[in-house]
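Encoded as structure tokens, the structure appears first; notes follow it.
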Amino acid sequence: MMPRIDVIVLTWNDGELLKRAIDSALASQGVEVRVLVIDNGSDAPVSLDHDSRVEVVRNEHNRGVAGGRNQGILASGADLICLLDSDAQLEPTCLQSLSAAAADPGVGIAVPVFGGQAPEQTAGRAPSLGRKILRLCNLRNDYAPAIRSDPSMWDVDFGIGACQLIRRSTFDAVGGLDESYLFGPEDVDFCLRARRSGWRVVQVALARCHHPPRRRHRRLFTRRGVAHARAVCRHLWRHRGTARALRGASA
């Protein structure tokens, strides 16, 4: 029997990008896929060609990334859920590879390697203050790499939320994504809370997904840039000592 995966796609005025993300999920091989689109208050309601495997839930107002994704997961009936950005596209065997990794009951979250990007650009060890400052200043675009003891799958502290396969019991155990994060990094926070609860987060070499790399030269001194910087500072304070604790636990 093929594993069932519910793919949650959050959208806000995404147009054709959304259709490509959905089509890539429906083309997945070796798994049974259902797609749940959360329309987070788009200017015009999302309209899609009818497919019995696709459902659209319309919000009148934007609930934010964490709120919209929690809504989708709670509406899902599957034990495995894939969070997929509306500007991401899965390769046909991506979900199959991620679900194979999740066959290990200790794995709570599995993430792919993104096409054209080094693995450490989208996953790795818990970000330090120094690394975050360099990224905010556009001086680095990677994270501290994880030790790859197995070339096919290796443990990381987190993987970005553009594509994450999540075990429902992991979501329930940590209380979902923290909706108080309005400008990121709710995806990193979720992974670190899962890790501290004893779940493994793994990156899978054969799981491939396409997603635009982090934008370079992001404008820090704008209202949104300042809000993001404040959110990052809050995140780092919340998880102070986490990297040291995780390294000690794995020693």
Side-chain angles (χ1 to χ4, degrees), residues 3-8 28 30-31 66 69-70 73 76 78-85 88 90-91 93-114 117-128 131 142-178 181 185-209 211 235-236 238-251:
R4 174 184 164 184
I5 299 175
D6 281 357
V7 179
I8 311 297
S28 295
V31 293
R69 285 181 162 174
N70 282 341
I73 293 172
S76 160
D79 292 329
L80 293 176
I81 302 111
C82 174
L83 299 179
L84 185 67
D85 272 5
L90 300 165
E91 290 199 358
T93 59
C94 182
L95 292 184
Q96 185 179 31
S97 296
L98 292 176
S99 63
D104 182 331
V107 171
I109 303 170
V111 298
V113 175
F114 290 89
Q117 301 179 61
E120 57 269 19
Q121 285 182 247
T122 57
R125 295 170 59 180
S128 65
R131 181 79 60 160
D142 60 352
Y143 298 95
I147 297 173
R148 300 188 208 173
S149 54
D150 181 342
S152 64
M153 181 178 80
W154 50 90
D155 286 88
V156 293
D157 291 338
F158 77 97
I160 66 169
C163 180
Q164 293 176 334
L165 184 77
I166 298 171
R167 189 185 297 277
R168 175 172 297 279
S169 51
T170 302
F171 175 86
D172 292 340
V174 302
L177 282 79
D178 186 344
Y181 280 94
E186 76 292 326
D187 50 353
V188 181
D189 171 76
F190 178 75
C191 289
L192 295 184
R193 286 190 289 124
R195 287 280 284 117
R196 295 207 71 158
S197 296
W199 295 95
R200 293 176 64 196
V201 180
V202 299
Q203 190 170 31
V204 183
L206 290 180
R208 294 284 172 164
C209 181
H211 182 261
H235 168 81
L236 290 170
R238 179 180 196 176
H239 290 285
R240 63 194 185 279
T242 292
R244 187 180 302 110
L246 293 179
R247 298 290 77 72
S250 60

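Residue numbers run from 1 in the order of the sequence given.
The closest side-chain donor-acceptor pair between Ser97 and Arg208, if any, does not fall under 3.5 angstrom.
Under the salt bridge (Lys or Arg N to Asp or Glu O under 4.0 Å) criterion, Asp104 pairs with Arg200, not counting sequence neighbours. Take Asp85 and apply the side-chain hydrogen bond (donor to acceptor under 3.5 Å, both in side chains) test, not counting sequence neighbours, and it matches Arg69, His211.
To the nearest 0.5 angstrom, Gln117 atom CD is 9.5 Å from Cys209 atom SG. With rounding to the nearest 0.5 angstrom, the CG atom of Asp155 is 10.0 Å from the CD1 atom of Ile147. With rounding to the nearest 0.5 angstrom, the CG atom of Leu80 is 9.5 Å from the CZ atom of Arg168.
Within the 4.5 Å cutoff, side-chain heavy atoms of Asn70 are placed close to those of Phe171. Taking the side chain as every heavy atom from C-beta outward, Val111 and Gln203 approach each other to under 4.5 Å. For the pair Cys191 and Gln164, the minimum side-chain heavy-atom distance is below 4.5 Å. Taking the side chain as every heavy atom from C-beta outward, Leu95 and Pro3 never approach each other to under 4.5 Å.
The minimum heavy-atom distance between Ala146 and Val156, with the atom names listed, is CB-CG1, 3.8 Å. For Gly159 against Val201, the heavy-atom pair with the smallest separation is N-CG1, 4.5 Å. For the residue pair Cys94 and Ala207, the shortest heavy atom distance occurs at O-CB, 3.8 Å. Closest heavy-atom contact between Ser76 and Asp6: OG-OD2, 2.6 Å. Contact between Val204 and Met153 at its shortest, heavy atoms only, is CG2-CG, 4.2 Å. Residues Phe190 and Gly176 come closest through the heavy atom pair CD1-O, 3.7 Å.
Each of Ile81, Leu165, Asp79 was evaluated against Ile5; a single residue qualifies, Leu165, per the side-chain contact (heavy atoms from CB on, under 4.5 Å) test. For the pairing with Cys163, the side-chain contact (heavy atoms from CB on, under 4.5 Å) check across Leu98, Thr122, Val7 returns one residue only, Leu98. The salt bridge (Lys or Arg N to Asp or Glu O under 4.0 Å) test with Asp157 singles out one residue from Arg196, Arg193, Arg125, Arg195, and that residue is Arg195.
Phe158 and Tyr143 have perpendicular rings, their planes meeting at more than 60° on a 0 to 90° scale where under 30° would count as parallel.
Judged by distance alone, the side chain of Thr170 and the main-chain N or O of Ile166 form no donor-acceptor pair under 3.5 Å.
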